Amino acid sequence: MAKKVKVRFAPSPTGDLHVGNIRTALFDWAYARHTGGTFLFRIEDTDTTRVTDEYIQAAIDTLKWLGLNWDEGPEVGGENGPYLQSQRLDIYAEWAQKFLDQKDAYHCYCTPAELEATREAQRAANVAPGYDGKCRDLSADQVAVYKSEGREAVIRMRMPDGSTTFVDEIRGEVSFEHKFVPDFVLVRADGSPLYTLAVAVDDILMKVTHVLRGEDLLSSTPRQIRVYQAMGVKPEDFPVFAHLPFVMGQDNAKLSKRNGEVSIAWYREQGYLPEAICNYLALLGWSPGDDRENITMAELCELFTVEKVHSSPARFDMKKLEAINGDKIRALTLDDFLKWSLPFLTKTGIIAGTDSEIALVKSALPIIQERIVKLDEVPQMLKFLFVKEFAVEVDSVSKIIDDVSKDVLKRSLKELEPLSTWNHDSIEAALRACLIEEMGLKPRIAFGAVRIATTGSTISPPLFESMELLGKQASLARIAAALTL
RNA sequence: GGCCCCGUCGUCUAGCGGCCUAGGACUCUGGCUUCUCAAGCCAGCUACGAGGGUUCGAAUCCCUUCGGGGCUACCA
């Protein structure tokens with residue numbers, strides 16, 4: 001019987017989680033859910049100079065916001081914790097000592113300057129750069145000399161001769177000659193562990209069965225496998241590796257701050273829905289195999305297999321994300337749309353959040369739902385319903401001060417004033433009768449003037465519905481005011 | 001430089017030897033609809049990096065080449 005799948009997402013929060021990280025997290029999560037396995041979330045904070053508590057918290061919040069819930073990890077705990085590597089230092093130290101005792105690893109006293117000089121020479125000589133194994137077999141005397149010089153040692157893993165071959169679930173069999181995989185550092189001179197040590201130890205100790213991660217880690221896999229071997233793990237117990245293709249920016253370089261907005265926090269502020277982000281990201285490097293593109297989280301879990309993941313990198317396309325976000329917004333129920341919209345309305349000060357305001361927003365949302373792509377457009381769309389001191393946009397004023405417009409507005413006022421029933425049907429019937437039929441105007445001319453007068457802009461939600469929501473009193477007052485411009 | 005990965009429309013992709021005069025989606029262009037903006041509908045543009053093989057037949061298999069990317073840290 002196959003082992004129960006356990007997939008881990010293990011970011012190193014040296015900044016806000018970005019699009020690439022999230023795509024990896026999404027695939028990890030989807031694979032775990034698809035297989036009925038466990039999704040483990042681990043924080044790789046061994047580089048204390050770059051990881052901050054704020055970034056760690058932000059990573060946790062982002063995953064939660066996206067709905068990528070984890071079964072083991074920060075906040076939820078689990079039997080293989082702790083899940084912050086900074087809290088597991090003693091574990092790594094123990095293993096490092098064991099490797100030392102087994103002679104799989106050794107102390108290296110070379111200074112950074114010496115290592116740099118070696119690399120320079122190798123480069124100049126056109127040979128593979130990397131540690132030359134100088135400290136592999138130091139005698140006690142030599143060690144004593146180094147120590148007397150005040151040198152501090154790092155712990156290096158000894159790479160034996162030969163090669164490492166493993167099967168990558170996405171790329172097939174991959175092989176590395178050890179002469180191109182130099183002895184690597186496990187523990188810094190200050191005693192702190194490096195990624196190379198911590199990642200391998202944790203994946204084994206936390207019983208991870210599948211490692212789905214970015215392809216930048218592909219060439220570090222032989223090192224990871226070397227640590228498994230030193231730990232005494234049998235090959236059949238190694239995790240399965242699958243290296244996901246990159247998400248690239250417009251300029252065909254790995255996505256970074258330079259080539260586009262990559263922080264998920266930014267997308268959140270712009271009004272993208274988590275489901276849209278996940279749907280779009282799912283399509284970057286993966287497809288269900290048919291023409292389906294609108295995929296829910298539940299469907300993703302059902303359909304996701306590593307087999308369908310690409311081996312080639314994908315370019316991030318904001319336009320397509322926007323299109324999907326628009327689709328997702330249109331598919332929202334009214335209550336959900338309201339829930340997502342409210343924060344944008346209050347944040348911009350359009351509404352304070354009173355019950356009556358919320359009720360008006362709720363009745364107005366249906367008429368804007370199909371005309372926005374992002375939630376941050378909601379305030380602009382509904383502003384006219386809430387502004388205390390209404391004014392026509394400066395650019396639009398000139399369009400309603402001509403004689404025709406004045407006539408339209410005067411006539412509208414006269415026709416609307418006696419209306420006893422104020423709804424979009426009655427408003428439309430009244431305005432059509434007088435402006436289109438009697439005055440013989442083109443609808444876009446006639447209604448355009450009324451639109452500017454009542455909503456303040458040439459662009460608005462449907463006019464009659466807008467006027468209904470605005471109310472008779474305010475509508476008429478605005479038309480009257482427009483006549484004085 | 002060395003090692004490794006990758007290569008279908010502008011972009012994301014379908015395709016796993018004949019169903020391909022290469023399908024879908026986004027973008028773009030034109031049109032329809034229309035009270036603005038959208039949405040919706042219709043149409044159009046545009047791709048198998050190149051060169052060799054293998055085969056009756058190749059986007060699909062092999063080789064070479066070109067191009068892109070990653071790694072080459074006491075980062076991850």
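Everything numeric here is computed off the predicted structure, so don't read it as measured data. Below, read A as the first sequence line, B as the second, and so on, with proteins coming before strands; counting in each chain starts at 1.
- The separation between A:Leu186 atom CG and B:A73 atom P is 15 Å, rounded to whole Å.
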Item to check | Chi angles and distances behind the side-chain contact (heavy atoms from CB on, under 4.5 Å) call for A:Ile22, A:Leu281 | outcome: CA-CA 8 Å; A:Ile22 292 306; A:Leu281 254 23; 3.6 Å; yes
Item to check | Stepwise side-chain contact (heavy atoms from CB on, under 4.5 Å) check, A:Phe99 with A:Leu197 | outcome: CA-CA 11 Å; A:Phe99 299 159; A:Leu197 206 214; 3.9 Å; yes
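- Using a 4.0 Å cut-off, some side-chain N or O of A:Arg188 falls inside it from OP1 or OP2 of B:C75.
- Contacts of A:Ser312 with the nucleic acid, taken as non-hydrogen atoms under 4.0 Å apart, involve only primed sugar atoms and P, OP1 or OP2.
- Closest approach to the A:Pro313 side chain among B:A76, B:C5, B:C6 is made by B:C6 (side chain taken as heavy atoms from C-beta onward).
- Counting only heavy atoms from C-beta on, A:Pro443 has its side chain closest to B:C35 among B:C74, B:C35, B:G70.
- Atom C1' of B:C28 sits at a distance of 12 Å from the matching atom of B:U11, rounded to the whole Å.
- Within the 4.0 angstrom heavy-atom criterion, base atoms lie near A:Pro461.
- Remark: B:C32 base-pairs with B:G40; criterion is Watson-Crick or G-U wobble with both hydrogen-bond distances under 3.5 Å.
- Using a 4.0 Å heavy-atom criterion, one finds that A:Thr196 contacts no nucleic acid atom at all.
- Across the P atoms, B:C63 and B:C5 are found 12 Å apart, a figure rounded to whole Å.
- Counting distance only, with no hydrogens placed and no angle test, the side-chain atoms of A:Arg315 and the base atoms of B:C12 include no donor-acceptor pair under 3.5 Å.
- On the P atoms, B:U46 is 12 Å away from B:G23, given to the nearest whole Å.
- Of the side-chain N and O atoms in A:Arg432, one or more sit less than 4.0 angstrom from OP1 or OP2 of B:C35.
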Checklist entry - Could you walk me through whether A:Asp104 and A:Val227 pass the side-chain contact (heavy atoms from CB on, under 4.5 Å) check? => result CA-CA 9 Å; A:Asp104 282 316; A:Val227 177; over 6 Å; no
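- For the P atoms, the distance linking B:A22 with B:C45 amounts to 11 Å, nearest Å.
- An OP1 or OP2 oxygen of B:A14 is reached within less than 4.0 angstrom by a side-chain nitrogen or oxygen of A:Ser287.
- Comparing B:G70 with B:A59, their P atoms are spaced 31 Å from each other, to the whole Å.
- In this structure the side chain of A:Val450 reaches within 4.5 angstrom of the side chain of A:Leu463, judged on heavy atoms.
- Legend: residues meeting side chain to side chain contact (heavy atoms under 4.5 Å, CB included) with A:Gln87, ordered by chain and number and at least two apart, are A:Pro82, A:Leu84.
- Taking the side chain to side chain contact (heavy atoms under 4.5 Å, CB included) definition, one finds that A:Lys319 meets it with A:Asp317, A:Glu322, sequence neighbours left out.
- Residue contacts for A:Leu283: at a heavy-atom cut-off of 4.0 Å it reaches the sugar-phosphate backbone alone, with no base atom in range.
- A:Glu152 has no carboxylate O lying under 4.0 Å from a charged side-chain N of A:Arg188, or vice versa, which leaves the two without a salt bridge.
- For the pair A:Trp70 and A:Leu63, the minimum side-chain heavy-atom distance is below 4.5 Å.
- A straight line from NZ of A:Lys308 to P of B:A14 spans 7 Å, rounded to a whole angstrom.
- For A:Arg119, a side-chain nitrogen or oxygen approaches OP1 or OP2 of B:A73 to under 4.0 Å.
- Across all strands shown, A:Ser457 has no heavy atoms under 4.0 Å from either base or sugar-phosphate atoms.
- With hydrogens and angles left out, the side chain of A:Arg444 and the base of B:C35 share no donor-acceptor pair within 3.5 Å.
- Listed nucleotides B:U36, B:C12, B:C71 differ in distance to A:Pro462; the shortest reach to its side chain belongs to B:U36.
- Taking side-chain N and O atoms only, A:His310 has a distance below 4.0 Å to OP1 or OP2 of B:A14.
- Base engagement by A:Arg223 is indicated by at least one non-hydrogen atom pair under 4.0 Å involving a base atom.
- Using a 4.0 Å heavy-atom cutoff across all strands shown, A:Tyr280 reaches no nucleic acid atom at all.
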Every protein N/O lying under 3.5 Å from an N/O of nucleotides 20-30 of chain B:
unit_1, atom_1, unit_2, atom_2, d
B:G23, N2, A:Asp291, OD1, 3.4
B:G24, N2, A:Glu293, OE2, 2.8
B:A25, O4', A:Glu293, OE1, 3.3
B:A25, O2', A:Glu293, OE1, 2.5
B:A25, O2', A:Lys320, NZ, 3.1
B:A25, N3, A:Lys320, NZ, 3.0
B:C26, O2', A:Lys320, N, 3.4

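- Here B:A76 is the nucleotide among B:C4, B:C5, B:A76 with the atom lying nearest to any side-chain atom of A:Asp47.
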